[in-house]
Structure formats: structure tokens, C-alpha cells
Amino acid sequence: MDSPSIPSLFTDILQILDALELQFLRCDSEVSDAALEALERALATSLARVREKKNCQVAINRLPTEILSSIFHHVPQPEKFPYNWPEWDVYISNCARIMKLTHVCAYWRDLALNTPTLWRRLGDALPPPTIVERARGVPLDLYAADRHWDAAKSLLSDGTPLRELHLSARNLFPLLLKSPAPDLEVLSLQNFDLDRDSGASTILFQGATPRLRELILWFPYILPSNSFFNLTRLLLSHPNTEIPLSKMLTWLSKSPNIEDLVLEGVEFVIDETTLPDIHLGRLRTFVIEDMSTAVANALFARVTVTPEAAIQLYGMHDVVIPRAPTNFDVTKIALWQWEKTIRFIAVGPSAGLMIETTNPERNEFENWYSDIMDGLPMGQIQEFWIETCTKPWLESVRSLMKAMPALTTLGSFITPTSASVLSNFRPRGEEAPICPNLETLYILADDRDVVPERTKLLSFLESRRRAGCPIRTLFIESYDHLDEIEGLDALVDHIDYRTSERLSAMDLPALCTTQWHTYWRSWKGFWE
């Protein structure tokens with residue numbers, strides 16, 4: 001006999017329920033409590049199964065379990081780990097938010113509890129035994145401050161698999177020597193130190209960290225002696241010990257896959273040891289903050305990087321040009337020059353160099369342009385953007401321009417006398433024209449000094465035409481409306497008047513405008 005179809009079965013069930021209500025529940029006949037309870041249980045069980053079946057047919061629950069579980073991983077918004085020191089890109093997924101998923105329905109609860117990677121973060125959300133149980137052997141993310149001392153000690157002593165370890169509890173550091181860490185990917189240590197008097201090893205995790213890709217050392221008293229071959233990101237900040245430059249170079253030579261390197265407040269000791277030459281062939285970004293000129297020059301005398309790298313130098317006392325930029329095709333430079341600060345950017349098609357110096361002794365800046373000219377291939381510069389320059393330094397700008405025979409584009413946005421820089425192009429004596437290939441000019445027009453500025457501009461354009469080096473395209477930019485300037489049409493082929501809150505800016509390679517990490521500023525922001 002064939003089984004009844006689903007629609008006909010539903011029809012029969014509904015008819016039975018109708019009959020039950022009319023003939024049984026509404027009648028005056030007495031029914032035993034036991035019978036009613038049995039009926040109640042049966043109906044409740046059936047209703048639960050009906051709801052379960054209905055829930056399974058909801059669109060999101062029809063997704064394959066691996067896709068739905070992947071969605072669950074994105075439910076908790078990443079939160080910055082509350083470090084007490086400067087921020088780094090460390091985000092955590094709070095397991096407490098995962099708990100809410102388990103309260104939606106039985107299906108979601110079962111799926112969440114059977115997705116071990118949802119429960120890998122060990123912190124304040126759930127008791128450590130619960131996290132370990134639900135993670136089912138998946139390597140954990142351990143964020144251990146002093147309040148997590150007991151739990152962290154137990155896990156580290158037992159050799160529990162870890163994916164990330166962020167540790168600031170100093171008493172736990174000796175436990176990092178005990179067991180291998182084959183799954184560890186991120187290690188962050190604050191005030192790292194060991195008992196140096198005991199002669200104990202400083203090799204962490206018995207030297208077995210094959211997956212470690214990110215190492216963060218805040219205020220360390222010693223450096224680990226490991227060779228981190230697969231390390232891709234290193235941050236060393238304000239060490240509490242003197243580090244010989246030779247040791248740092250040797251350490252870097254054992255980490256050939258570094259992509260992002262940050263040295264903050266690091267003053268290496270230039271020792272007498274023969275220093276090795278290091279080439280970081282996969283480096284993407286290199287940030288240095290607050291390093292003396294002597295140490296920076298010694299470092300860059302030994303370190304070269306890939307032609308596709310970008311370098312940021314902050315808080316320098318002098319202009320320091322690494323060897324690396326001479327290896328890539330520098331074609332554009334931009335300059336900001338204030339009384340005691342210089343910012344300089346040089347870029348090629350896929351890489352760049354940014355230097356920002358601050359020196360209270362202005363006289364020590366006298367020859368800053370010489371450092372730039374000596375360190376960069378000036379003969380191939382095609383664009384020069386002068387964003388800010390105080391008048392005493394305009395003669396230095398002239399020296400730079402004389403060294404750029406291939407220059408085709410000049411942007412002069414000095415306020416309020418943008419055109420004053422054009423006087424630097426006047427030949428002196430029998431001098432040949434400066435930048436003979438210059439043909440595109442961007443200038444900032446300011447109504448506060450319109451007549452003198454226009455006179456300088458017209459004089460400049462006439463002199464260039466007479467010298468056989470005419471300006472072909474002229475962009476006149478202003479923050480407010482500006483009337484057209486008479487006489488320009490006869491001196492240039494194309495004039496474009498632009499009014500905007502933002503002036504034109506030097507184009508930058510994508511590497512320099514991407515926010516790679518907290519310490520990497522997007523260079524585009526310097527023009528905003």
C-alpha cells in the first residue's frame with residue numbers, strides 16, 4: 001500500500017485536530033489528568049518538531065553548514081585589545097558575542113558549539129576550561145595580562161596549542177622556554193625579560209616556531225635568540241637595553257621574509273664588529289621613528305631593500321637617504337619646508353621614501369638639499385611639488401632644481417607668494433636655462449597679492465619663451481574665484497583655472513597610500 005502524500009497527510013492531521021477540539025476538548029466529559037498530560041506532551045513534542053522543520057526551511061538555514069559557520073565568524077565586531085602602551089593592529093573577537101548566536105535556535109546552537117574556531121579566544125568572556133573544551137584542540141588566542149595569570153600559567157605549562165600570544169605578565173616569561181609552539185603565528189611581549197644572571201637560554205619555545213609571522217616587542221630588556229625564518233612583520237619599540245647594531249643585523253639576516261619592519265625609539269650601539277650586509281628582498285614597508293643620524297646612516301649602509309619597498313623616517317635630526325631609493329626609478333619628489341621641520345617625499349612607479357626631520361637648531365639644516373642631491377638620482381626626476389617653503393630656503397630649492405634637468409612638471413603652492421619660487425629659474429650670468437624640459441606648471445593664486453604675483457608669472461613665462469623653453473600647460477589654482485589673467489594666452493598653449501578646497505597633488509603609488517598597519521600613515525593625508 002502506497003504511503004499517503006505529504007499534503008494529504010497534513011489534511012488528515014488538521015482534520016483530527018479539529019475533531020479533537022470539537023468532540024473532546026469542548027465536551028463536558030471528564031478526562032483524567034494523566035490523559036491530558038500525555039496529550040499535552042505529545043502536542044508539545046509535535047509542535048517543537050514542526051517549528052524545527054519550519055526553522056530548517058528559513059533561507060539562511062538552507063546554506064551549507066560551512067558557509068553559515070563562516071558567517072558566524074564575522075558576527076562579533078573585532079575590538080582593539082586594550083594595551084596600556086601605543087596601539088598596534090591587534091584585534092580580538094569577543095566570545096561573549098558568540099554566545100548570543102547559541103540563543104537563537106537549537107540549530108544555530110549546535111552549529112556554533114561544533115565550530116571550534118569560534119571559541120579560540122581566551123580572555124575575559126568565558127572561563128578557560130569552557131574555552132578549552134569548546135575549542136577542541138584548535139590553537140587558542142591568548143591575551144594574558146596580570147589578571148589572567150593563573151589561566152595563562154596553566155596553559156603555557158601544559159603546552160596548550162596557541163595561535164596568538166599577547167603577554168605582559170612578566171612572571172610568565174620563563175614558561176615561554178619550555179615547549180615548542182608549532183602553531184604560533186603572532187607573538188606580542190611587553191617588557192620581555194629573563195633571569196640573565198642564571199645564564200638561561202633566550203631561545204623561545206625551544207626554537208620551534210615555524211609558523212610565526214608577526215613579532216611585537218615593547219620595551220624589551222633582552223631580545224630572543226631565535227631565528228624566525230618565516231617572520232613577515234616585526235615591531236621593536238623602545239628597548240630597555242643597548243642593542244649592538246651587529247646583533248640586529250644578524251637577527252634580520254635570519255628573517256629573510258620580513259614584509260613590514262618598524263623600529264621605534266631604537267638607538268643601536270655601533271660596535272666594532274664587522275657588520276654584515278643585509279638585503280631584505282621581500283620588504284614592503286620600513287618605518288623608523290626617533291633614531292640618531294649616525295645610527296640611521298650606519299644601518300642603511302648595511303641594509304638594502306627590494307625596489308618595490310616604501311620607507312618612512314620620522315623624528316630624524318637630519319635628512320638621511322637610504323641606499324634603497326637609488327635602486328628604484330625615482331621620478332617625483334615633493335617638499336614641505338618649515339622653519340625647523342622638513343618633510344620630503346620621493347616616489348617611483350611602485351615605491352617611495354618619506355623623510356620628516358625636526359631640528360631645533362635651524363642652522364644645522366643649511367645643507368639639507370645637499371643630502372638629497374647626493375642620495376637620489378636627481379637626473380631622472382620629472383616632477384617637483386613644492387608644497388611649503390619658507391623664504392630663507394628658496395635658494396636651496398634653486399639648487400635642487402638645477403640638479404633636475406629632466407624635470408617636466410613643477411607644482412608651486414607656497415602661500416601667499418606661490419610665484420616667488422619662479423624667480424629661481426632666472427639664469428645668472430652665462431648660466432644655461434634651469435630645467436630646460438619644464439613644460440607643465442601648477443601654481444597657487446592668492447587675491448592678497450594678485451598684481452605682484454601676476455607680474456612675476458608673466459615675466460617668468462616670457463623669459464622661458466625667449467630662452468626656447470616655453471611652458472606649454474599652466475594650471476592656476478585658487479581656493480576662491482579668481483578672474484582670468486590678461487596676457488597669458490600669448491605665452492602658453494593651454495591654461496586651466498581651477499577653484500577647489502583641495503589643490504592638485506603628486507600622484508602616489510598604491511603602496512604609499514594603503515594603511516598597512518597603525519604605524520604606517522597614508523601619504524595621501526599629507527595633501528589633505
With sequence neighbours excluded, what pairs up with Trp251 under the ring pair (Phe, Tyr, Trp, His ring centres under 6.0 Å) test?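 Trp251 satisfies ring pair (Phe, Tyr, Trp, His ring centres under 6.0 Å) with no residue once adjacent residues are dropped.
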Counterpart residues, ring pair (Phe, Tyr, Trp, His ring centres under 6.0 Å), relative to Phe268 (two or more places apart): none
Under 3.5 Å donor-acceptor pairs involving side-chain atoms of residues 64-71, not counting sequence neighbours:
none

Do side-chain atoms of Glu242 reach the backbone of Val269 as a donor and acceptor pair under 3.5 angstrom?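 Pair absent, no side-chain N/O of Glu242 close to backbone of Val269.
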Return yes if some donor-acceptor pair links the side-chain N/O of Asp141 with the main-chain N/O of Arg120 below 3.5 Å, else return no.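 Checking the backbone N and O of Arg120 against the side chain of Asp141, no donor-acceptor pair under 3.5 Å is found.
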Taking only residues two or more places apart in sequence, or in another chain, which ones meet Glu356 in a salt bridge (Lys or Arg N to Asp or Glu O under 4.0 Å)?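 Scan of Glu356 (salt bridge (Lys or Arg N to Asp or Glu O under 4.0 Å), adjacent residues dropped) gives Arg343.
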Can you list everything that forms a side-chain contact (heavy atoms from CB on, under 4.5 Å) with Asn297? Sequence neighbours excluded, please. Thr293, Val320
Provide the closest heavy-atom pair for Thr513 versus Ser522 in the form atom of the first, atom of the second, distance. O-OG, 3.1 Å
Can you classify the ring geometry of [X] versus [Y] as parallel (below 30°), tilted (30 to 60°) or perpendicular (above 60°)?
{"X": "Phe413", "Y": "Tyr442", "answer": "perpendicular"}
{"X": "Phe173", "Y": "Phe192", "answer": "perpendicular"}
{"X": "His517", "Y": "Tyr519", "answer": "tilted"}

Stepwise side chain to side chain donor-acceptor pair (under 3.5 Å) check, Thr409 with Glu383: CA-CA 5 Å; Thr409 301; Glu383 294 186 20; 4.7 Å; no
How far apart are the C-alpha atoms of Val295 and Leu245, what are their side-chain angles, what is the distance that settles it, and do they pass the side chain to side chain contact (heavy atoms under 4.5 Å, CB included) test? CA-CA 8 Å; Val295 170; Leu245 181 58; 5.5 Å; no
Reported CG-to-CZ distance for the pair Asn240 and Phe219, which is rounded to 0.5 angstrom: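 Rounded to the nearest 0.5 Å, the CG-CZ separation comes out at 7.5 Å.
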Mind jotting down which residue pairs meet the salt bridge (Lys or Arg N to Asp or Glu O under 4.0 Å) criterion with at least one end in residues 171-185? Sequence neighbours excluded, please. Asp183-Arg211, Glu185-Arg213
